[in-house]
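Heads up, the thing below is written out as structure tokens.
Keep in mind the model is a prediction, meaning the values are calculated, not measured.
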Amino acid sequence: MGDVLAGFHAAWEFESDSVLIRFERGIRTPKLFQALGERRVPLEAIAGVTLAPGKRGTVVLRAVPRPGADPLMEAAAEQLKEGSDPYRLVLPAEQETLAEYYADELRARLTGSGPAERFLVAAPEVPLQFKAYDGKASFDGRSVSFRWSWTGASSAKWKAGDQSFPVSELSGVEWRSPEVFEGYLRLLRRDTSGDRPPQPDHDPAAVVFGLGYGPVHESLPFAAAVLAAARSTGAGALAPVAAGPRRDPADIADRIRHLGELHEAGLVTDEEFSAKKAELLAEL
């Protein structure tokens with residue numbers, strides 16, 4: 001096809017085997033779209049196409065992704081607001097005839113149906129990171145790291161220490177949108193039993209969100225990238241992750257100071273205080 005259909009916040013370029021979606025970077029464009037930049041969606045990842053009236057004199061062309069085809073939508077688990085759905089193209093109502101033409105063209109080219117056996121849409125590129133309420137999350141493509149914040153992390157997380165999870169040990173992620181109460185990102189590990197996991201603010205495999213922390217446009221692409229890596233890795237071994245740079249001495253000092261406050265408050269035992277302090281000093 002090779003044609004381009006431009007709408008509000010995005011333009012769709014129709015190719016022989018895919019739709020290339022390019023998102024605008026305007027001030028009114030949803031931040032998630034700006035973070036995604038562009039996405040190539042293979043036609044085999046699309047289950048159907050709809051065209052419906054929108055709000056305020058618009059029409060909405062939407063590609064319906066197959067379940068399991070897109071790691072972003074799998075991680076979102078139907079929590080995205082309508083305006084942040086990357087598969088919607090909003091157009092002026094006067095372009096309805098043109099939109100209907102492209103909708104029919106797309107439908108005629110679709111080949112896939114039912115759940116996909118693997119991800120067909122590429123995950124967001126790494127490295128990725130974002131700041132949660134109780135720590136900083138980073139992902140380099142091979143391992144996920146949680147570095148706890150001395151102002152927000154619970155004593156349980158401080159006792160556990162900063163965490164690093166190779167994707168080979170993960171089975172998936174659980175993302176609860178920061179736009180709802182008590183949002184969080186939890187890593188699901190392969191070796192856990194069927195026991196109920198602890199609350200996210202006490203789980204060393206989770207970071208919690210808060211006002212201004214873990215926004216959708218940062219935490220959702222992060223969750224999607226981790227999910228895709230975990231699914232593609234399976235039980236296979238990964239190359240070892242190189243050791244990271246040494247910590248800032250001022251940061252270590254702040255962490256030891258906060259650890260001392262926990263110790264004085266009786267939240268950390270003498271043994272835990274000594275062990276964690278030695279661990280922090282070893283990072284200098």
Side-chain angles (χ1 to χ4, degrees), residues 3-15 18-41 46 49-65 70-96 98-99 102-103 106 121-133 135-139 149 152 175-185 207-228:
D3 296 336
V4 176
L5 183 60
F8 300 109
H9 310 316
W12 288 13
E13 182 176 348
F14 301 93
E15 301 180 349
S18 62
V19 177
L20 178 61
I21 303 176
R22 293 191 175 95
F23 298 104
E24 295 181 355
R25 295 189 177 276
I27 191 172
R28 296 184 179 180
T29 302
K31 289 184 177 180
L32 177 60
F33 294 176
Q34 297 184 49
L36 294 175
E38 69 176 40
R39 311 190 80 213
R40 185 177 299 278
V41 181
I46 301 174
V49 183
T50 63
L51 181 65
K55 300 177 181 177
R56 300 170 185 166
T58 63
V59 293
V60 179
L61 178 64
R62 184 175 190 271
V64 182
D70 185 348
L72 188 83
M73 303 306 285
E74 289 297 299
E78 301 184 355
Q79 297 177 76
L80 282 179
K81 293 182 177 179
E82 188 177 75
S84 296
D85 182 350
Y87 284 87
R88 296 174 78 249
L89 181 65
V90 182
L91 303 149
E94 54 266 26
Q95 293 192 40
E96 180 176 4
L98 185 60
Y102 284 112
L106 269 180
V121 182
E125 294 184 358
V126 296
L128 292 166
Q129 63 181 25
F130 69 91
K131 189 174 182 180
Y133 174 74
K136 182 179 179 181
S138 58
F139 179 46
S149 166
W175 181 78
R176 183 173 175 83
S177 174
E179 296 180 339
V180 299
F181 184 61
E182 296 184 341
Y184 61 85
L185 170 68
V207 290
V208 299
F209 306 144
L211 185 61
Y213 294 94
V216 170
H217 70 282
E218 294 179 357
S219 61
L220 180 57
F222 185 102
V226 174
L227 176 61

Rounded to the nearest 0.5 Å, how far does [atom2] of [Y] lie from [atom1] of [X]?
X	Y	atom1	atom2	answer
T50	R88	OG1	CZ	9.0 Å
W175	L227	CH2	CG	13.0 Å
E38	E13	CD	CD	9.0 Å
R62	Y87	CZ	OH	8.5 Å
D85	M73	CG	CE	4.5 Å
I21	L36	CD1	CG	9.5 Å

Do S177 and L80 touch side chain to side chain, with heavy atoms closer than 4.5 Å?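 S177 vs L80: side chains apart.
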
If we only count heavy atoms from C-beta on, is the L61 to L5 side-chain gap below 4.5 Å?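 Yes, their side chains come closer than 4.5 Å.
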
Closest non-hydrogen atom pair between [X] and [Y], with its separation:
X	Y	answer
R39	P86	NH1-CG, 4.5 Å
R25	G37	NH2-CA, 4.0 Å
A132	V207	CB-CB, 3.7 Å
L89	A11	CD1-N, 4.5 Å
A224	A123	O-CB, 4.1 Å
G214	S219	O-OG, 3.0 Å

Salt bridge check, E182 against R176: does any charged N sit closer than 4.0 Å to a carboxylate O?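 Looking at R176 and E182, the cut-off is not met.
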
Quick one, L91 with L98, criterion side chain to side chain contact (heavy atoms under 4.5 Å, CB included). Give me CA distance, side-chain angles, the key distance, then yes/no. CA-CA 10 Å; L91 303 149; L98 185 60; over 6 Å; no

More than 12 non-hydrogen atoms from neighbouring residues, nucleotides or ligands closer than 6.0 Å to CD on E125, yes or no?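 Result for CD/E125: open.
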
The criterion is salt bridge (Lys or Arg N to Asp or Glu O under 4.0 Å); which residues satisfy it with E179, sequence neighbours excluded?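 Partners of E179 under the salt bridge (Lys or Arg N to Asp or Glu O under 4.0 Å) test: K81.
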
Taking F23's backbone N and O only, do any of them form a donor-acceptor pair with Q34's side chain (distance below 3.5 Å, no angle check)?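 A pair under 3.5 Å: no.
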
The criterion is side-chain hydrogen bond (donor to acceptor under 3.5 Å, both in side chains); which residues satisfy it with E218, sequence neighbours excluded?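 Here no residue qualifies.
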
Would you please name every residue forming a side chain to side chain contact (heavy atoms under 4.5 Å, CB included) with F139, sequence neighbours left out?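 Per chain and number, F139 pairs via side chain to side chain contact (heavy atoms under 4.5 Å, CB included) with V126, V144, V167, F222, A225, V226, A229.
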
Determine the interplanar angle of the Y102 and F14 rings, folded into 0 to 90°, and report it as parallel if under 30°, tilted if 30 to 60°, perpendicular if over 60°.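 Judged by the thresholds at 30° and 60°, the geometry between Y102 and F14 is parallel.
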
Decide yes or no on side chain to side chain contact (heavy atoms under 4.5 Å, CB included) for F209 and L185, but give the supporting numbers first. CA-CA 8 Å; F209 306 144; L185 170 68; 3.9 Å; yes

